[in-house]
Enquirer: 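My questions will all concern the structure given below.
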Amino acid sequence: MNANKMPVLNRALKPLPKAPVRIVHLGLGAFHRSHEAWYTQHAGDGAEWGIAAFTGRRPDAAVALAAQDGLFTLIERSGNGDSFEVIGSISEAVDGADVGRLRELVSEPATAIVTLTITEAAYGLASDGNFDAGDAGVAGDLARLADAAGEGGKPATPLGRLVSALAARRDAGAGPIAVVSCDNLSGNGDVARRAVTGMAEAWDGELARWIVENVSFVSTSVDRITPRTTDADIAEVEQACGYRDSSPVVAEPFRDWVISGDFPKGRPRWEDAGAVLVDDIEPYENRKLWLLNGAHSLLAYAGLLRGHTTVAQALEDPECREAVEAFWDEAAAHLHGHDLHIPEYRDALRGRFGNGRIAHHLSQIAADGTTKLRMRALPVLAAERSEGRSGAGSALMLAAWIDFVAVRNEIQDPLSEAIGAANGAPGPERVAALLDLISPQLGEDPQVVALVARLSGTFTTDTSSKTVTPAHLIPGRNS
Ligand code: CS2
């Protein structure tokens with residue numbers, strides 16, 4: 001059929017009625033759609049749980065999705081082929097700037113949960129993990145919140161918007177609620193608690209107290225590799241499904257969701273769809289953050305330096321692969337628990353990363369390095385050093401980032417300006433200044449600075465003039 005004559009997906013199908021909104025989500029992006037929206041659709045009682053999803057900085061995703069009644073196609077892409085499923089759990093797609101609608105929905109007693117995929121960098125925390133009222137976004141929103149007559153109703157960051165919406169819930173007497181972070185941060189529920197109560201405290205102490213008593217901050221470990229949608233994906237859906245969908249989302253078949261915390265107003269039966277509810281989330285979280293996300297960051301910086309574009313390509317390069325295995329060896333030494341199944345988990349990751357049909361771009365993963373490396377490299381490096389080993393496998397991730405920021409013109413990072421300034425410092429001072437942005441503990445440790453400086457230059461595309469030896473094979477580096 002001629003593509004122009006093809007009906008849009010919500011006209012081509014006879015969609016089921018929308019579920020009533022009981023979940024409000026901040027961060028309507030591809031990952032939310034491939035993960036939570038999928039789990040909610042597959043919960044046994046999913047028909048009772050609709051999601052109102054708000055975008056972050058731009059309205060585009062909400063506009064496109066609203067035009068399709070919130071429906072979109074999930075393309076599940078395995079090594080052998082694609083399968084297609086229409087996801088209907090998003091009942092409402094809203095521009096994040098519409099804070100009025102957010103406040104309205106969060107004030108509804110029927111709303112039980114606010115979920116977040118707002119990115120690691122959006123929690124406004126300083127490198128020591130404490131709330132940073134001086135963070136530019138936080139400070140701007142505090143001024144807006146205080147200015148009730150002007151922009152008071154219009155905070156610009158997800159955190160400010162959430163705090164404003166929780167104030168509206170308190171004012172409406174709508175009762176307790178769960179806030180569930182789905183960002184890749186260790187202890188993400190606690191991080192969200194510190195960020196939300198920190199901001200509330202700086203604005204309105206009474207609100208902060210209400211939040212402490214009424215908001216349950218739930219921690220989760222989320223997992224599903226979700227590359228950016230391309231025009232080819234949109235064309236593929238037209239061909240295979242016979243309708244037009246401006247917003248399909250691509251994901252690997254694997255998915256995982258580990259959840260820990262209380263839901264005072266209930267939740268969908270996500271466990272029907274395979275989610276796991278646990279009391280102690282830390283071991284699962286560390287396994288995922290270190291082994292999957294840590295390896296991703298290592299592959300991103302090393303792979304880009306070696307001239308690769310995607311995760312699968314980087315993994316085929318023995319230099320990158322060996323660096324990943326060495327990092328995994330270090331991380332595995334600090335992952336304990338009989339049900340973690342580390343060898344099987346590593347093996348599964350080799351398969352997932354190696355799925356060449358998923359074009360997961362390294363440049364997408366390379367963004368926000370300062371925040372990500374703090375979670376992905378640091379804990380393993382610190383654990384190795386506390387046991388008297390060098391931590392060269394994790395230090396190599398830091399060295400690759402340092403080399404990467406030296407050659408990239410535009411760095412996407414909340415600290416991009418400071419990175420630019422640190423990059424100008426001479427020799428070893430430069431390494432220390434850059435490490436300082438990830439954590440002052442690193443930049444001020446001369447041994448770590450020297451180790452990272454030595455490892456810098458490991459990854460290069462110029463293989464003719466330099467033999468690249470993986471860090472763990474260099475004599476003296478593990479001692
Ligand atoms: C990636 C993650 O972009 C990144 O930093 O490491 O988005 C990763 O793909 C997901 O956490 C997989 O679940």
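Heads up: numbering here begins at 1 and tracks the sequence. When a ligand or atom number is given, it counts from 1 through the structure's own listing order.
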Enquirer: What protein heavy atom sits nearest atom 11 (O) of ligand 1, and how far off is it?
Expert: Lys288 NZ, 2.6 Å
Enquirer: Nearest to atom 12 (C) of ligand 1 by heavy atom, Asp223, Asp256, Asn184: which?
Expert: Asp223
Enquirer: For ligand 1, note which part of Lys372 has a heavy atom under 4.0 Å away: side chain, backbone, both or neither.
Expert: side chain
Enquirer: Any Lys/Arg nitrogen of Arg389 or Glu330 sitting under 4.0 Å from an Asp/Glu carboxylate oxygen of the other?
Expert: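 Salt bridge: no.
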Enquirer: So if I count the atoms of ligand 1 from 1 in the order they appear, which ones are less than 4.0 Å from some heavy atom of His360?
Expert: 9 (O)
Enquirer: Polar-atom distance check: Gln364 versus ligand 1, any N or O pair below 3.5 Å?
Expert: no
Enquirer: In Å, rounded to the nearest 0.5 Å, how long is the span from CG of Asp403 to CG of Leu305?
Expert: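 Asp403 CG to Leu305 CG: 6.0 Å, rounded to 0.5 Å.
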Enquirer: Among protein heavy atoms, which sits nearest to atom 6 (O) of ligand 1, and what does the distance come to when rounded to 0.1 Å?
Expert: His296 ND1, 2.8 Å
Enquirer: Considering only heavy atoms, does Arg376 approach ligand 1 within less than 4.0 Å through its side chain, its backbone, both, or neither?
Expert: side chain
Enquirer: Please determine whether a side-chain nitrogen of the Lys or Arg among Arg357 and Glu252 lies less than 4.0 Å from a carboxylate oxygen of the Asp or Glu.
Expert: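 Salt bridge: no.
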Enquirer: Heavy-atom contacts with Arg224 under 4.0 Å: which atoms of ligand 1 show up? List them by number with element.
Expert: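 By the 4.0 Å cutoff, the relevant atoms are 12 (C), 13 (O).
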Enquirer: Is the distance between the ring centroids of Tyr39 and Trp257 under 6.0 Å?
Expert: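 They qualify: ring centres under 6.0 Å apart.
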Enquirer: Should His296 and Gln364 be marked as a side-chain hydrogen bond (donor to acceptor under 3.5 Å, both in side chains) after you check the CA-CA gap, both sets of side-chain angles, and the distance that decides it?
Expert: CA-CA 10 Å; His296 255 176; Gln364 186 181 344; over 6 Å; no
Enquirer: Decide yes or no for Asp256 and Lys288: does some side-chain heavy atom of the first lie under 4.5 Å from some side-chain heavy atom of the second?
Expert: no
Enquirer: Are His35 and Phe31 near enough that their ring centres are under 6.0 Å apart?
Expert: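 They qualify: ring centres under 6.0 Å apart.
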Enquirer: Starting from atom 2 (C) of ligand 1, locate the nearest protein heavy atom and write down its residue, its atom name and how far away it is, to 0.1 Å.
Expert: Asn293 ND2, 3.5 Å
